[in-house]
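A quick write-up on the structure given underneath.
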Amino acid sequence: MGGEELTGVNNADFGERFGALLRAARRRTGRSCRTLGKFSGGRFAVSQLHQFERGEIALDPPTVEFLSQLYGADLEALLPDRPTVFIGDGMLSVGTLSCDFPADDSAAMLQAYLKLVRTLRRQQGAPCVELRRDDVECLADHLSKPGETVIDMLGGLMGSTRSQRPSMVSLFASGAVVVGVVSLLAGS
């Protein structure tokens, strides 16, 4: 995968890579799409699973998480290596990029993080930003708060509605490697 960034689950390139990951996981386990369709509890028809494997159906974070679990696919395989988030006194950085924030302002730190992630992925105006679990856990450790609380705070900063945030929090709580944080307004 080299140095390319994960640019969004609704991106066609991600859909193709995710489909290939699903196919490989299914073949590795020897399951058929028919069997997986049954295991999905009727959520997906066999034809839909084939379309997901070909990258032909638009994805959203909850669908990616469900399909990953259904297939036993490891999403980490799609995430390029990237330096971890470093949080210092009033400074947040990833690799060579950094953002300053008032050291005693947790909301400003989280806004700096969102700005940094959007810059890294060239997603300044994207209505959804996928956040890595490792990053959220780093932020949570720094703030001495649970990761679920940090996801809720990030959702609030991006303009997610109160009805959207519980699903993002539950994805994180379920162990998701990537959680999509949704904004009502592009460019929040």
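Values below: all heavy atoms of this structure, side chains included; hydrogens, waters and symmetry mates excluded.
Partners of Asp100 under the side chain to side chain contact (heavy atoms under 4.5 Å, CB included) rule, at least two apart in sequence or in another chain, are Met91. Shown here are the ring-ring contact (aromatic ring centres under 6.0 Å, His included) partners of Phe39, two or more places apart in sequence or in another chain: there are none. Every residue was checked against the side-chain hydrogen bond (donor to acceptor under 3.5 Å, both in side chains) condition with Ser47, not counting sequence neighbours, and none meets it. A search for ring-ring contact (aromatic ring centres under 6.0 Å, His included) contacts involving Phe44 returns Phe52, Phe66, not counting sequence neighbours. Evaluation of the side chain to side chain contact (heavy atoms under 4.5 Å, CB included) rule for Lys145 yields Leu143, Thr149, Val150, Met153 as partners, not counting sequence neighbours. For Ser167, the side-chain hydrogen bond (donor to acceptor under 3.5 Å, both in side chains) criterion is met by no residue, not counting sequence neighbours. Under the rule for a salt bridge (charged side-chain N to carboxylate O under 4.0 Å, His left out), the partners of Arg54 that lie at least two apart in sequence or sit in another chain are Glu56. Partners of Val169 by side chain to side chain contact (heavy atoms under 4.5 Å, CB included), not counting sequence neighbours, listed by chain and number: Glu148, Ile151, Asp152. With sequence neighbours excluded, the residues that form a side-chain hydrogen bond (donor to acceptor under 3.5 Å, both in side chains) with Thr35 are Ser32. Gln69 meets the side-chain hydrogen bond (donor to acceptor under 3.5 Å, both in side chains) test with Glu65; sequence neighbours excluded.
Glu130 contributes atom CD, which lies 12.5 Å from atom CG of Asp135 (distance to the nearest 0.5 angstrom). To the nearest 0.5 Å, the span separating CE on Met158 from CD on Gln164 amounts to 9.5 Å. Distance check, rounded to the nearest 0.5 Å: SG of Cys33 to NZ of Lys38 gives 12.5 Å. Note: Leu110 CG to Leu157 CG = 6.0 Å, rounded to the nearest 0.5 Å. In this structure, the separation between OG on Ser98 and CG on Leu116 is 7.5 Å, given to the nearest 0.5 Å. Rounding to the nearest 0.5 Å gives a distance of 11.5 Å between CD1 of Ile57 and NE2 of His50.
Residues Met168 and Ser160 approach most closely at CE-OG, 3.3 Å, considering heavy atoms. The two residues Asp89 and Ala103 have their closest heavy-atom pair at OD1-CB, 3.2 Å. Across every non-hydrogen atom of Ala108 and Pro102, the tightest pair is CB-CD, 3.6 Å. Minimum heavy-atom separation, Gly88 to Phe101: O-CZ, 4.1 Å. Nearest heavy-atom pair, Phe18 versus Val64, reported as atom, atom and distance to 0.1 Å: CZ-O, 3.6 Å.
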Solution key, residues 20-29 side-chain donor-acceptor pairs under 3.5 Å, sequence neighbours excluded:
| unit_1 | atom_1 | unit_2 | atom_2 | d |
| --- | --- | --- | --- | --- |
| Arg23 | NH1 | Glu53 | O | 2.2 |
| Arg26 | NE | Glu53 | OE1 | 3.4 |
| Arg26 | NE | Glu53 | OE2 | 2.6 |
| Arg26 | NH2 | Glu53 | OE1 | 2.9 |
| Arg28 | NH2 | Gly72 | O | 3.2 |
| Thr29 | OG1 | Ala25 | O | 3.2 |
| Thr29 | OG1 | Arg26 | O | 3.0 |

Run the side chain to side chain contact (heavy atoms under 4.5 Å, CB included) check on Ile87 and Cys138 step by step: do they pass? CA-CA 8 Å; Ile87 305 169; Cys138 180; 4.0 Å; yes
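Between His142 and Phe86, the closest side-chain pair of non-hydrogen atoms is not below 4.5 Å.
Between the side chain of Ser170 and the backbone N or O of Pro166 there is at least one donor-acceptor pair closer than 3.5 Å.
For Arg34, the CZ atom counts as loosely surrounded, since its 6.0 Å shell holds 12 or fewer non-hydrogen atoms of other residues, nucleotides or ligands.
A single hydrophobic cluster is seen to contain both Leu120 and Val85, as judged by linkage of ILVMFWY side chains at heavy-atom distances under 4.5 Å, directly or through other members. Linking Ile, Leu, Val, Met, Phe, Trp and Tyr residues whenever their side-chain heavy atoms come within less than 4.5 Å places Leu139 and Leu97 in a single cluster.
Val46 belongs to no hydrophobic cluster, as no Ile, Leu, Val, Met, Phe, Trp or Tyr side chain comes under 4.5 Å of its own.
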